[in-house]
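First comes the structure, then the notes that go with it.
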Amino acid sequence: MSLCAECFNNGDHTGHDFNMFRSQAGGACDCGDSNVMRESGFCRRHRSKTGANVPSVPRDLLLMSELVLPRFIICIVQYLREGYSEPDPSTERDLQKVLQQLEPQISFLEELTKMGGAMRTVLTKILTNQQTFKDLSMGQEENVYAKNNYDKYLSALKSSGLVSSEEKAGAGSLEQPAGAGALSILGYTQTLLLSSYSQEDRDGGQGLGQRKRVKLSSSTKDPSIMDVLKHKCFLEELLFWTIKYEFPQKMVTFLLNMLPDQDYKIAFTKTFVQHYAFIMKTLMKSHESDTMSNRIVHISVQLFSNEELARHVTEECQLLDIMVTVLLYMMESCLIKSELQG
């Protein structure tokens with residue numbers, strides 16, 4: 001549970017044990033969220049707040065934001081696509097330069113999140129609107145730049161070992177079990193997912209680096225969450241680029257500052273779970289794994305402090321299956337041959 005200084009100072013903490021520190025990674029205050037804390041622990045401001053006494057924002061006041069912000073966000077996405085190249089010692093500095101040039105734009109989004117619930121609601125609707133994303137992201141036939149830019153996004157997906165929704169649609173007729181997406185992100189192929197153990201596994205001879213094919217449960221109620229990674233809204237692609245650029249601090253802060261909006265929190269949590277395997281794969285290859293893992297923890301601890309939401313993604317999105325499979329993959333990647341083996 002996290003509280004901002006204002007809510008903490010306005011609450012009654014008689015007899016409470018607490019640890020106070022200033023978060024550098026941004027985040028959302030949990031005060032006022034009855035799924036995280038008892039209402040008796042709310043500060044005075046949140047305890048008196050009800051839906052009845054919160055005035056609605058005039059519609060006209062938000063029209064300009066609703067028109068302008070989708071195009072502002074697609075400009076950020078296009079710049080991230082254009083500037084990305086697979087990291088190696090010669091390109092790491094180039095990626096940092098891309099992020100530095102985007103700092104004013106990301107800072108502007110961060111400032112918008114501080115304007116209150118009405119602006120966060122506008123941002124949430126834009127970030128999760130699938131039609132807006134489709135219209136702006138892929139580009140029209142006559143827009144050569146947008147089409148080329150979208151091709152760079154597809155190329156980044158492919159170079160990550162991921163499959164786009166378009167490629168999946170044209171790939172064929174093999175039917176994947178629910179959960180196949182998480183494993184395919186980790187490097188398993190569709191054929192292996194659909195197969196049983198290899199002949200050598202069945203014979204009992206499993207050598208170093210040869211892993212049994214792990215099959216996730218097919219009982220998921222929302223197969224699209226676990227499908228081959230595909231992005232249907234700005235939020236999903238922004239998280240993808242946040243991972244590819246190894247969790248730049250400003251982007252993490254913006255994504256976390258949006259969490260007070262409950263619709264956003266649900267959408268972002270599902271998106272985070274959808275990308276969980278990809279996050280861990282990127283972490284394993286990162287040269288800054290300590291910094292990156294610290295920022296990942298800042299996100300996950302904020303998302304899963306809500307018991308109802310954590311239960312929902314566990315049941316609907318197969319969170320535990322994904323986590324266990326990712327852990328297995330990470331452990332197997334660093335196995336060494338035992339000297340006890342004959």
Side-chain angles (χ1 to χ4, degrees), residues 2 4-7 21-29 57 61-85 87 92-129 132-133 136-137 149 153 156 231 233-261 263-265 267-268 271-272 275 279 282 286 288 291-292 294-303:
S2 301
C4 66
E6 182 181 357
C7 288
F21 68 95
R22 181 176 293 276
S23 171
Q24 300 299 316
C29 177
V57 177
L61 195 62
L62 301 175
L63 280 177
M64 185 62 71
S65 300
E66 292 171 352
L67 288 172
V68 172
L69 285 177
R71 285 151 183 83
F72 182 78
I73 292 172
I74 188 58
C75 286
I76 293 175
V77 169
Q78 288 177 335
Y79 197 83
L80 289 168
R81 293 173 179 174
E82 196 73 35
Y84 186 79
S85 56
E92 278 184 18
R93 188 172 297 174
D94 293 337
L95 293 183
Q96 288 303 314
K97 190 182 295 184
V98 172
L99 294 173
Q100 287 172 3
Q101 291 175 338
L102 271 181
E103 275 195 12
Q105 288 83 354
I106 305 300
S107 296
F108 175 69
L109 288 179
E110 187 182 341
E111 289 301 313
L112 291 180
T113 66
K114 300 174 183 177
M115 293 178 66
M119 183 57 71
R120 285 194 294 267
T121 298
V122 170
L123 282 168
T124 297
K125 288 178 179 177
I126 294 168
L127 290 171
T128 58
N129 188 298
T132 301
F133 177 74
L136 294 177
S137 172
N149 184 265
Y153 155 68
H231 302 124
C233 62
F234 284 124
L235 178 60
E236 292 174 0
E237 191 177 341
L238 278 176
L239 181 59
F240 170 74
W241 288 116
T242 300
I243 300 165
K244 291 287 280 184
Y245 281 87
E246 299 193 1
F247 289 84
Q249 184 59 70
K250 285 229 171 252
M251 186 66 79
V252 171
T253 303
F254 164 65
L255 293 173
L256 287 178
N257 283 358
M258 283 290 297
L259 288 176
D261 187 287
D263 290 337
Y264 171 87
K265 190 169 189 175
F268 182 65
T271 302
F272 186 81
H275 288 75
I279 291 170
T282 306
S286 172
E288 300 287 341
T291 301
M292 184 175 169
N294 186 46
R295 290 173 184 173
I296 294 169
V297 168
H298 271 292
I299 295 174
S300 59
V301 75
Q302 288 264 258
L303 300 183

Applying side-chain contact (heavy atoms from CB on, under 4.5 Å) between F247 and each of L255, T291, I299, report the one that passes.
I299
Pairwise side-chain contact, F268 with L127, heavy-atom cut-off 4.5 Å (strictly under)
no
List the atom of E236, the atom of H231, and the distance in Å for their closest heavy-atom pair.
OE1-CA, 3.2 Å
Can you tell if the side chain of Y79 reaches within under 4.5 Å of the side chain of V98, non-hydrogen atoms only?
yes
For F72 and F108, take the angle between the two ring planes, folded into 0 to 90°, and tell me which bin it lands in: parallel under 30, tilted 30 to 60, perpendicular over 60.
perpendicular
Assess, by modelled atom type and distance only, whether the side chains of E111 and S107 contain a donor and an acceptor separated by less than 3.5 Å.
no
Do E246 and S286 have side-chain N/O donor and acceptor atoms under 3.5 Å apart?
yes
Determine whether a donor-acceptor pair (N or O, by modelled atom type, separation under 3.5 Å) exists between the side chain of Y245 and the backbone of Y84.
yes
Just so I know, are the side chains of D263 and T121 near enough to count as touching, which here means a heavy-atom distance under 4.5 Å?
no
Indicate whether the side chain of K244 and that of T282 have a donor and an acceptor atom separated by less than 3.5 Å.
no
Minimal non-hydrogen separation, P70 against T132, with atom names
CB-CG2, 3.9 Å
Any side-chain heavy-atom pair of W241 and Y153 under 4.5 Å
yes
Gap separating the CZ atom of F234 from the CD1 atom of I73, nearest 0.5 angstrom:
6.5 Å
Decide yes or no for P248 and T242: does some side-chain heavy atom of the first lie under 4.5 Å from some side-chain heavy atom of the second?
yes
With a 4.0 Å cut-off on N to O distance, would you call E237 and R81 a salt bridge?
yes
Quick one: closest heavy-atom pair of M292 and I279, and the distance?
CE-O, 3.9 Å
Evaluate side-chain contact (heavy atoms from CB on, under 4.5 Å) for I296 paired with F272, printing each intermediate quantity in order.
CA-CA 10 Å; I296 294 169; F272 186 81; 4.2 Å; yes
In Å and rounded to the nearest 0.5 Å, what is the CG to CD distance from N294 to Q249?
8.5 Å
Please tell me if the side chains of L112 and V122 come closer than 4.5 Å, counting only heavy atoms from C-beta onward.
no
Locate the shortest heavy-atom distance separating Q78 from L136; write the atom from each residue and the value.
NE2-O, 4.5 Å
So, do M251 and L80 sit near enough that their side-chain heavy atoms are less than 4.5 Å apart?
yes
Look up atom OG1 in T128 and atom CG in L123, then write down how far apart they are to the nearest 0.5 Å.
10.5 Å
Give a yes or no answer on whether the side chain of R120 reaches the backbone of M258 with a donor-acceptor pair at less than 3.5 Å.
no
Roughly how far, to the nearest 0.5 Å, is SG of C233 from CG of L238?
9.0 Å
Please report the closest heavy-atom contact between V301 and H298, naming both atoms and the distance.
CG1-O, 3.5 Å
Measure the shortest side-chain to side-chain distance between K125 and D261 over non-hydrogen atoms and say whether it is less than 4.5 angstrom.
no
Closest heavy-atom contact between I74 and S137?
CD1-CA, 3.8 Å
side-chain contact (heavy atoms from CB on, under 4.5 Å) between Y264 and L235: does it pass, once the steps are laid out?
CA-CA 9 Å; Y264 171 87; L235 178 60; 3.7 Å; yes
Starting at CD of E103, measure out to CD of Q105 and round the result to the nearest 0.5 Å.
10.0 Å
